[in-house]
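What follows is one structure encoded as structure tokens, with my remarks underneath.
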Amino acid sequence: MASIPKLNAEETFTLITRDLDEVLGADNLKALIAKNDRPLRAYWGTAPTSRPHIGYFVALTKIADFLQAGVQVKVLLADIHAFLDNLKAPIELVRHRVDFYQRILISVFKAIGVPTERLTFVVGSSYQLTPEYTMDVYRTAALTTEHDCKKAGAEVVKQVASPLLSSMLYPGLQALDEQYLDVDFQFGGVDQRKIFTYAEALLPKLGYAKRSHLMNPMVPGLKGSKMSSSDHGSKIDFLDPAESVRSKIKSAVCEPKSTPADGNGVLAFAKAVLFPVSRLRAEAAGGEGIAEPFVPADAPKGTLFTIALPEKFGGGVLNFAEYSELERAFVAGEVHPADLKKGVADALVKLLAPVQKAFLGDEEWQKVEKLAYPPPEEPEKKKKAKKINPRHPPKAGVTTAPTDGQAAEVSKEGAEALANGVEKMGVDGK
Ligand SMILES: N[C@@H](Cc1ccc(O)cc1)C(=O)O
């Protein structure tokens, strides 16, 4: 990243907050910037659950802005949060995921030109198990109603019919992290908003300072809804091969003349990811520079996104210096959905190429990936292990043969259902 000429207070604030959806506590940040007696400190946290998808580009690109503005940034790999989130994954598995996430995040940061040596990676359990932190978890529990926990976690914590107590602790721990990571602001997607406002109310009650909160917009999934880790058709993973990236974009929702507000996920992705990443690359190349490799070297100066038109329709290239130009042209019907998709797929494939190359050239990382995301058990075997003779159903409270390495208790309802010959099992709530 090219070093930027020293910014004044206003420019610093503008750079820190550009492209964001919302800022809570802006005055506090402005005051710290104006005081200018130490660098600002911030963190972004991620809970290593499912494979990270390309929606993460938004946050990672924004982190590049923070670094450019001189902010010291910590990346929290929130292993305990992943464990708490109704995941039912053993903590050992989560630890492999931490390893996987750290590798992939570093690789993606490098792909977009972020100086990773200026980031500090912190694993949650490295400080969340100390007596001080633990006592603060209890203090938090004693200050928070069940209603407030549920409300705070509604958009973040996995919603299930019968939530585990662990999922209630999740927002409180996230609030405490601001204190223990010693930051001025926490950064995250706008989906974290309810946890952020809860943290603003909680920390002063514990005698700690209220922090500022910066929120990036969410990238809609390719089907027009929020990009979600559990919806495979709507999300593209960082390690998806080029063919799969192309075919997912091809089948994405992209009605002619529609905008992101109408649910056009392809345009929304160009807006939230491709233009900002490209701008970052152009800035790194020295302001006037070209955002190679996304933009061909011979494109006019200032081009951030190009669409190569098919030869059979006359060929040629469309160049865009700003997202608004692309949206205008698309809404005017000057750009066909198929061409937009092709342009977006070309740029994304180029963006992901170095990440895949790094993965394929790193045996250690491949081993970690297998440990972090073991292939699902064969359905045949699973069925066998779970089979219980309905003539001799286990009694309530009796432990059955474990199916996934953990002892499973049969609930009263489950035992009754079995005794009645009902198929559904009440084993361990699964
Ligand atoms: N809640 C964040 C993860 C996170 C966990 C702990 C934190 O302190 C911060 C962030 C997510 O949805 O991914």
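As the structure lists them, so they are numbered: ligands from 1, and atoms in each ligand from 1.
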Here's a test for you: under side-chain hydrogen bond (donor to acceptor under 3.5 Å, both in side chains), which of H96, Q102, R97, R103 qualifies with D99?
R103
Evaluate the side chain to side chain contact (heavy atoms under 4.5 Å, CB included) criterion for residues D85 and V156: first the C-alpha distance (whole Å), next the side-chain angles of each, then the deciding distance (0.1 Å), finally the verdict.
CA-CA 9 Å; D85 188 12; V156 169; 5.9 Å; no
By salt bridge (charged side-chain N to carboxylate O under 4.0 Å, His left out) - contacts of K271 (at least two apart)
none
My understanding is that only residues two or more places apart in sequence, or in another chain, count here; which of them pass ring pair (Phe, Tyr, Trp, His ring centres under 6.0 Å) with F238?
F57
Under the ring pair (Phe, Tyr, Trp, His ring centres under 6.0 Å) rule, collect the residues that match up with F305, sequence neighbours excluded.
F275
Present, as a list of atom pairs with distances to 0.1 Å, all nitrogen or oxygen contacts under 3.5 Å between ligand 1 and the protein.
{"unit_1": "ligand 1", "atom_1": "1 (N)", "unit_2": "Y170", "atom_2": "OH", "d": "2.8"}
{"unit_1": "ligand 1", "atom_1": "1 (N)", "unit_2": "Q174", "atom_2": "OE1", "d": "2.9"}
{"unit_1": "ligand 1", "atom_1": "1 (N)", "unit_2": "Q192", "atom_2": "OE1", "d": "2.8"}
{"unit_1": "ligand 1", "atom_1": "8 (O)", "unit_2": "Y43", "atom_2": "OH", "d": "2.7"}
{"unit_1": "ligand 1", "atom_1": "8 (O)", "unit_2": "D177", "atom_2": "OD2", "d": "2.4"}
{"unit_1": "ligand 1", "atom_1": "12 (O)", "unit_2": "Q192", "atom_2": "NE2", "d": "3.0"}

Ion pair check, R139 and D136, cut-off under 4.0 Å:
yes
